[in-house]
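Comments concern the structure below.
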Amino acid sequence: MTTRPEWLAAGLPHLWLPYAQMKTAPAPLPVRAVEGSRIILDDGRVLIDGLASWWTACHGYRHPHIEEAVTRQLAIMPHVMFAGLVHEQAARLAARLARLLPGDLDHMFFSESGSVAVEVALKIGAQYWLNRGEERSRFLAFKDGYHGDTLWAMSVSDPAQGMHRALQHLLPRQIIADLPRDAATAEALDRLLERDGGDLAAMIVEPLVQGAGGMVFHDSEVLRRVAEAARRHNVLLVCDEVFTGFGRTGALFACEAAGILPDIITVSKALTGGTLPLAATVARRQVFEAFLSDDPAAALMHGPTFMANALGCAAAHASLDLFEREPRLAQVAAIAERLTRELAPCASLAGVKSVRVKGAIGVVELEAEPDRDALVRRFVEAGVWIRPLGNIVYVTPPFTIAPDELACLTGAICEVLSEACAR
Ligand SMILES: Cc1ncc(COP(=O)(O)O)c(C=O)c1O
């Protein structure tokens, strides 16, 4: 039995935790510090981090290059409002991202979270058509998708998913289709687009991996079919790379790996290497140009208070430096290879439906939803931080994780699941 620190006893009654039934949720674990791929708990226990803080800390925690960049920026200017004023970090970051992103995806709208980046993408999509004299009021999205917790973002997330089920009847109605994985689903998508394409502002997809909706993978061919369908039916395509962006699937951007060019892309999470909240909604030139007009009403009316936060932009530059200087994508490939080998024994456990790996994402899908709290407790006892999503037990470690640390994660999964499956 470990004692709770005083600050937790004093503060916990005043906290409202994410995705938690506050009446029954177990108390969260108090964290003292983070370092590399490790989380140090208040009582001194150390956990190997299997999640990289919701997929953000791609270089591990407290990378000195990012810390230095943020500290330097803090001494000059932590933040300044972004309307009527601009600063070097944001301007250079916009130009740098434009160079990195495929095609003419070169106009960045900065915000501070993935959900807001998606909300802005959909707003841009709807207003793009309005500015061209057409009113298109709906979006098409895919089953198993997750795009965030703001209103339009929730409405394009899979409605059957537990997360936002209680609010479904209050959300704007969108079209939720099957991904075109085969000829029949491709034809069904085409039929939907023929029927409703004229009313659709945009289609939105998480390229190659649908993350929070269950770590569901698809291949490049499926994504190309989505992109071709969007073109054929004259609907804008939004690729939500909030999870997949910056190396997670093995390429810097998933859409680039699949050879497609969306009209709008959203990035966040690993953009700052997991240190500060920052996001970008990036539009192709012709989308941006639809907002250029002598009519003030044609402007994009959005502007988060902390837009283009200078500390966040400095962290993003430092993170991009690390992608240039250090072998991140080779590290992802090595993690993929190890995950494939080390998770393979789980495939033969009773109660395991499938084991799959893409880039630095390793998944063991169970037949049934386990008692998550009990499983998390066992993982903590085994010295790792892993938190299943429903029946999906997964790891998305920092790309800098050492082989022995990764072996702790995969070893704990094999051990804890074989106990759980034996019961
Ligand atoms: C694909 C995708 N889009 C959007 C979001 C929402 O991002 P945020 O939690 O920063 O609002 C997430 C978060 O997990 C995500 O995975």
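Numbers here are sequence positions counted from 1. Remember, it's 1-based here, ligands and their atoms both numbered in the order they're listed. These values consider heavy atoms only, across backbone and side chains, with no hydrogens, waters or symmetry-generated copies. Keep in mind it's a predicted model, so treat the numbers as computed, not measured.
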Without swapping roles, check the side chain of E206 against the backbone of F243 for a donor-acceptor pair under 3.5 Å.
no

Determine the interplanar angle of the F288 and H107 rings, folded into 0 to 90°, and report it as parallel if under 30°, tilted if 30 to 60°, perpendicular if over 60°.
parallel

Looking only at heavy atoms, what is the nearest atom pair of P180 and R225, with distance?
O-NH1, 2.6 Å

Pairs involving residues 150-197, ordered by first then second residue, that meet ring-ring contact (aromatic ring centres under 6.0 Å, His included) (sequence neighbours left out)
F139-W152

Listing by chain and number, which residues have a heavy atom under 4.0 Å from ligand 1?
W55, S113, G114, S115, Y146, H147, G148, E206, D240, V242, F243, K269

Please check: side-chain N/O of K358 versus main-chain N/O of D219, any donor-acceptor pairing under 3.5 Å?
no

Given the ring of F217, does R356 sit roughly above its face, with NZ or CZ under 6.0 Å from the centre of the six-membered ring and within 45° of the axis?
yes

